[in-house]
Amino acid sequence: MKRNKLFNELNRLSFLEKNKTVTSFLHIGNRLLEWYRNNARDLPFRQTKDPYKIWICEIVFQQTRINQGLNHYNNFIKRFPDVKTLAEAEENEVLLHWKGLGYYSRAINIHKAARQIMNDYQGIFPVEYEEILKLKGVGKYTAAAISSICFGGKIPAVDGNFYRVLSRLFADDFDISNAKAFAYFSELATLVMPDNVGDFNQAMMDLGSEICKPKNPLCGECPVHEDCLAFSLQKISAYPVKTKKVKAEDLSLTYYFVHRNGEFLIRQRKDDFIWKKLFEFPSFLPETMKTFITGSKIISHKLTHKNLSIEIFNVEVTSEKIWNDFITENQYLITNFEASHEKSFPKPLENYIQNSLKD
DNA sequence: AACTCGGGGGG
DNA sequence: CCCCCAGAGTT
């Protein structure tokens, strides 16, 4: 049997092996469905099965809380209502709509995938899980979500919510930072999963975010707390188990806010490292221009794996020749405060530009 | 299999 | 200060 094979492979005594008399947990999934029918969050992508909209919302909300991404999702759909519109747009405009949302490769990949759908699938969103999986930026979770919600696919959309809910339900100490966690909890999910997988997947998301929260879960309001082993053991806070910790490293950046008559210089980043293809200020200034520096400001900014210290020098260029030479030699772009709204900047630079207007 | 990619919010 | 979030791509 596939399940036992997986557990043996992992050399681990599962909850199921300790409780061989229990053969099915389907009633849990059914109770979640009933709860979902009465308690589903009212979200703009809940009234549709349009695979385009479900796809966009799944990408937007990867590693992103609903409240943080909701405006971005609505604006994105408003500007790019369908695959064709998105595919025909410029990459920079897609990035602009991602401004401030983070993980910018999502915007680059979403644009590539739109062109994939136009070129490889004649503009028709692929129906099969294996085909959906081929789209740039679409992994196993997102493919399962789209497949189940839009096309009746029977695949659990295992994400952080699944890890948390299932590990608590079964008081399962499988390490979610283990590379096999996805396979393991996918298998566990199938034991609970009813026939309506699309609603089940969304029910698990809502339960995870509204009830079975990482901290201070509302077990008293949980529709399945009577089936929850961690709850009955009063060990909720012990799950999920996660051993791997990533430490943030320190990183210093230097920028020069080079401006003259209300215009300032920018350039576009590469698609590697941080802030892929976002715009930034020059990070180098020749000796001859350093006499134009009038001051500097240090900004602290935290990323998930980096503590940034960004020093931004204010450079007010009073010589038109030096200004023009600097631009042509380095191929910088010229913008101003108004036009800069049309480009996507890293958050700390976006804030700097906003503040520079007040001065 | 491990590492990397943002920004925001909560305790 | 640390943790987490509707994960995926790269090495």
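Using a 4.0 Å cutoff on non-hydrogen atoms, the parts of residues 124-136 of chain A near DNA chain C are A:K136, ordered by number. The stretch residues 138-146 of chain A has no heavy atom under 4.0 angstrom from DNA chain B at all. Taking a 4.0 Å limit (strictly below) on heavy-atom distances, residues 29-53 of chain A does not reach DNA chain B anywhere.
Comparing the C1' positions of C:dC3 and B:dG6 gives an interatomic distance of 15 Å, to the nearest angstrom. When the P atom is compared between C:dA6 and B:dG11, the two are found 15 Å apart, to the nearest whole Å.
Using a 4.5 Å heavy-atom threshold, the side chains of A:P194 and A:N30 count as touching. For the pair A:D50/A:F45, no side-chain contact is recorded, criterion being any heavy-atom separation below 4.5 Å from C-beta on. Side-chain contact between A:F345 and A:Y352: absent, with no pair of heavy atoms (C-beta onward) separated by less than 4.5 Å.
The outermost nucleotides of DNA chain C lying under 4.0 Å from heavy atoms of chain A, listed 5' to 3', are C:dC3 to C:dG9.
Looking at A:H27 and A:D227, their side chains do bring a donor and an acceptor atom within 3.5 Å of each other.
Listed by first then second residue, pairs satisfying salt bridge (charged side-chain N to carboxylate O under 4.0 Å, His left out) with a partner in residues 323-340 of chain A read A:K321-A:D325, not counting sequence neighbours.
Listed by chain and number, the residues in a side chain to side chain donor-acceptor pair (under 3.5 Å) with A:S283 are A:R267 (sequence neighbours excluded). Remark: A:S296 engages A:E311 in a side chain to side chain donor-acceptor pair (under 3.5 Å) (not counting sequence neighbours). With sequence neighbours left out, the side chain to side chain contact (heavy atoms under 4.5 Å, CB included) criterion links A:K112 to A:I108, A:N109, A:K136. Take A:K235 and apply the side chain to side chain contact (heavy atoms under 4.5 Å, CB included) test, not counting sequence neighbours, and it matches A:L233, A:A238, A:Y239. Remark: A:T85 pairs with A:D82 by the side chain to side chain donor-acceptor pair (under 3.5 Å) rule, at least two apart or across chains.
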Cut-off 3.5 Å, no hydrogens considered: what does the side-chain donor-acceptor table look like for residues 118-127 of chain A, sequence neighbours left out?
residue: A:N119; atom: ND2; partner: A:R115; partner atom: O; Å: 3.1
residue: A:Y121; atom: OH; partner: A:E131; partner atom: OE1; Å: 2.8

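A distance-only check finds no donor-acceptor pair linking the side chain of A:H111 to the backbone of A:A107 [under 3.5 Å].
If you check B:dG6 for Watson-Crick or wobble pairing at under 3.5 angstrom, you find it has no partner at all.
Under the 6.0 Å cut-off for aromatic ring centres, A:F162 and A:Y141 do not qualify, their centroids lying 6.0 Å or more apart. The distance between the ring centers of A:F326 and A:Y256 does not fall below 6.0 angstrom.
Relative ring orientation between A:H341 and A:F337 is described as perpendicular, the plane-to-plane angle rising above 60° on a 0-90° scale split at 30° and 60°.
Counting any heavy atom pair closer than 4.0 Å across all strands shown, A:N161 reaches sugar-phosphate atoms only and no base atom.
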Per-nt protein contacts along nucleotides 2-11 of chain B (heavy atom under 4.0 Å; B base, S backbone sugar-phosphate only, - none) come out as ---BBBB--S

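Mapping A:D159 and A:K245 onto DNA chain C by nearest heavy atom places A:K245 closer to the 5' end of the strand.
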